[in-house]
Each structure stands twice: as structure tokens, then as C-alpha cells.
K.L.:
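My questions all concern the structure below.
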There are 2 protein chains.
Amino acid sequence: MSYKDRKVISIGTVSELTGLSVRQIRYYEERKLIFPERTKGGTRRYSFSDVERLINIANQIEDGLQTSEIKKMEKRREDRKLRDQMIRGQLNAAFGIRK
Amino acid sequence: MSYKDRKVISIGTVSELTGLSVRQIRYYEERKLIFPERTKGGTRRYSFSDVERLINIANQIEDGLQTSEIKKMEKRREDRKLRDQMIRGQLNAAFGIRK
DNA sequence: CGTGTAAGGAATTCTGACACG
DNA sequence: CGTGTAAGGAATTCTGACACG
């Protein structure tokens, strides 16, 4: 959609923007925490959103969390979000509650 | 400032986003129409604003304009902008006109 | 588990030049 | 003038592995 989500940044630039090593960035991908696109040639491309996400991941790692825990927390957060949306939708369908 | 102006995109990706050849992109820089940054290694980095500017340049070229003419028009536009700002500033200083 | 590193190779980019028109 | 291309080289990125802890 917006510039923020266009995958156009190569890993070296992401390393500069985040302060993380390319090794760390690739590792977080291996652990399914980040999902860059690939060019035809196979090089990774990240978005600014990815950069922000990486900074959050790095902070959680610094706080002693393991990548598996970070992954679980994200999933729970995502599940809550979906559940809330569903509840909102049902309330709206039943009572026409706006916003 | 914003994501739009961060110089983080390499020339190959810019080529994809604009549909221009890397040769064309480098040439417009040679003609002083575009100003990418450079990494320590010397590779060019562009912003989304640069991508937009390139698309505009390409359209003007298609319309038969020469790079020197495009450059002049941009300068004139820039000069008008500065002049208007100055006038606004003087009006405001003299009469306190807001906005 | 998270990260560094050396290894070999492939993809990407760079510059200056020649070509065409 | 604007753009394509072949040339040689340098910078960038890739993967799989070994190391440490």
C-alpha cells in the first residue's frame, strides 16, 4: 500500500538503519520473525515496516526473550486482534453499534 | 524526514519501480536532475521522492523536452516558490496577515 | 540459542567508452 | 541528445558450515 510497506531496501541498508548485523537479520528471518521479499536474483528486500519490526525484535532480545517467545507473543497479539474484530462485527450485526 | 525522503533504494529496484533503464537513471543524474546518495562502497541510494521525480522526468522526456529544458523549468518553479515565500513573509511582517 | 566468521560463488553496481542518430 | 551495450572491476549478498557457549 504505502511507501512504508514497499519492500525495496537491501539487507546492508537495513543493517545500517537498525544497527543489527546482517547475520542477525537473516537469523530472525530463519526464526520466522521477519519476511522479506526476494528479487529475481535472490537478494532480500525489506520495507520500512520491516525495519521497525526488526528494531522491536532487537529490543525484546535485549530484554532476554528468545525468538520463540517473541514469535508466540506476536501470535497471541494477532489472535486477540482477530477475536476483537469478530466481536465488533457481531455486535454491529446484532445491534448496529457504530464505531 | 519521512520515509519518503530516506535514501535507501538501490538503482536496480528504482529501475523496477519506474520502468526506466539503469542507464537512463544514471544519465538523468549526470544531467543534474536527480541526486542520489552513495554508500561507503560507492553504490547509489534513492528515496521514494526520487522515484516520483524520475517518473515526472520520464514523462517530460516523452513529451519531447530535453533534460536542459526540464532543468530550467525546475529552476524557474523553485525561484517562483522562493519569491512567493518572501512576499508572504513581508506581507505578514507589515500587516500581520495570517496564513 | 544467538551470533561471528571464513569460504566460494552469484547477483548487483560502478565507470569510461564506443555506437547510433 | 538520449540511450544501448560490452568490458573489467569492485561492492554486495547468498548459502551452508564451523565455532562458542
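Each chain gets a letter, A, B and so on, in the order the sequences are listed, and its residues count up from 1.
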K.L.:
Using distance only, find each side-chain donor-acceptor pair of residues 54-71 of chain B under 3.5 Å and give its atom names and separation, not counting sequence neighbours.
P.N.:
from: B:Asn59; atom 1: ND2; to: B:Ile55; atom 2: O; distance (Å): 3.3
from: B:Thr67; atom 1: OG1; to: B:Arg31; atom 2: NH1; distance (Å): 3.0
from: B:Glu69; atom 1: OE1; to: B:Gln66; atom 2: N; distance (Å): 2.7
from: B:Lys71; atom 1: NZ; to: B:Lys32; atom 2: O; distance (Å): 3.0

K.L.:
Is B:Arg23 near enough to D:dT5 that one of its side-chain N or O atoms lies under 4.0 angstrom from OP1 or OP2?
P.N.:
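No, because none of the side-chain N or O atoms of B:Arg23 sits under 4.0 Å from OP1 or OP2 of D:dT5.
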K.L.:
To the nearest Å, how far apart are A:Gln24 CD and C:dG2 P?
P.N.:
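It works out to 11 Å between those atoms.
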K.L.:
Counting the atoms with a prime plus P, OP1 and OP2 as sugar-phosphate, which does A:Ser68 contact under 4.0 Å by heavy atoms, base, sugar-phosphate, or nothing?
P.N.:
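No contact.
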K.L.:
Give a yes or no on whether the backbone of B:Thr39 and the side-chain of B:Thr43 come within a donor-acceptor separation of less than 3.5 Å.
P.N.:
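No, because the side chain of B:Thr43 does not come within donor-acceptor range (under 3.5 Å) of the backbone of B:Thr39.
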K.L.:
Please report, rounded to the nearest Å, how far the C1' atom of C:dT3 is from the CG atom of A:Leu20.
P.N.:
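That distance rounds to 11 Å.
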K.L.:
To the nearest Å, give me how far apart OH (B:Tyr27) and C1' (D:dG4) are.
P.N.:
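It works out to 13 Å between those atoms.
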K.L.:
For DNA chain D, just give me the dot-bracket, please: Watson-Crick or G-U, both distances below 3.5 Å, ( ) intra-strand, [ ] crossing earlier pairs, | paired with another strand, . unpaired.
P.N.:
.||||.||.|.|.||.||||.
K.L.:
Does the side chain of A:Lys81 reach to within under 4.5 Å of the side chain of A:Gln85, using non-hydrogen atoms?
P.N.:
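Contact flag for A:Lys81/A:Gln85 side chains = yes.
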K.L.:
Without decimals, in angstroms, what is the distance between B:Leu54 CG and D:dT3 P?
P.N.:
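Checked: the CG to P distance equals 11 Å.
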K.L.:
Within a strict 4.5 Å, meaning less than it, do heavy atoms of the B:Arg53 and B:Ser47 side chains meet?
P.N.:
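Answer no - side chains too far apart.
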K.L.:
Is a side-chain N or O of A:Ser15 found less than 3.5 angstrom from the main chain of A:Leu20, in a donor-acceptor match?
P.N.:
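Yes; judged by distance alone, with no hydrogens or angles, the pair exists.
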K.L.:
Could you check how far CD1 of A:Ile61 sits from P of C:dG4, rounded to whole Å?
P.N.:
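One finds 12 Å between P of C:dG4 and CD1 of A:Ile61, rounded.
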K.L.:
What is the distance, rounded to the nearest whole Å, between atom CG of A:Leu33 and atom P of C:dT3?
P.N.:
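A:Leu33 atom CG is separated from C:dT3 atom P by 11 Å.
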K.L.:
Nearest 0.5 Å please: distance from the CZ atom of A:Phe95 over to the CD atom of A:Gln90.
P.N.:
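Going from the CZ atom of A:Phe95 to the CD atom of A:Gln90 covers 10.5 Å.
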K.L.:
Could you give me the CA-CA distance, side-chain angles and deciding distance for B:Tyr46 and B:Thr13, then say whether side-chain contact (heavy atoms from CB on, under 4.5 Å) is met?
P.N.:
CA-CA 9 Å; B:Tyr46 301 82; B:Thr13 302; over 6 Å; no
K.L.:
Do B:Arg83 and B:Asp79 meet the salt-bridge criterion of a basic N to acidic O distance under 4.0 Å?
P.N.:
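No, this pair does not count.
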K.L.:
Please report, rounded to the nearest Å, how far the P atom of D:dG2 is from the CD atom of B:Glu29.
P.N.:
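Going from CD in B:Glu29 over to P in D:dG2 covers 15 Å.
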K.L.:
Are A:Val8 and A:Phe35 connected, step by step, through hydrophobic side chains (Ile, Leu, Val, Met, Phe, Trp, Tyr) whose heavy atoms are closer than 4.5 Å?
P.N.:
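Each belongs to a different hydrophobic cluster.
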K.L.:
Please check the phosphate of D:dG2 (OP1 and OP2 only) for any side-chain N or O of B:Tyr28 closer than 4.0 Å.
P.N.:
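Negative; the distance criterion is not met.
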K.L.:
Please list, for nucleotides 12-16 of chain C, all pairs of protein and nucleotide N/O atoms separated by less than 3.5 Å.
P.N.:
from: C:dT12; atom 1: OP1; to: A:Thr39; atom 2: OG1; distance (Å): 3.0
from: C:dT13; atom 1: OP1; to: B:Ser10; atom 2: OG; distance (Å): 2.9
from: C:dT13; atom 1: OP1; to: B:Gly12; atom 2: N; distance (Å): 3.1
from: C:dT13; atom 1: OP2; to: B:Gly12; atom 2: N; distance (Å): 3.4
from: C:dC14; atom 1: OP1; to: B:Arg44; atom 2: N; distance (Å): 2.8
from: C:dC14; atom 1: OP1; to: B:Arg44; atom 2: NE; distance (Å): 2.8
from: C:dC14; atom 1: OP2; to: B:Arg26; atom 2: NE; distance (Å): 3.1
from: C:dC14; atom 1: OP2; to: B:Arg26; atom 2: NH2; distance (Å): 3.1
from: C:dT15; atom 1: OP1; to: B:Arg38; atom 2: NH1; distance (Å): 3.0
from: C:dT15; atom 1: OP1; to: B:Arg38; atom 2: NH2; distance (Å): 3.1
from: C:dT15; atom 1: OP2; to: B:Arg44; atom 2: NH2; distance (Å): 2.3

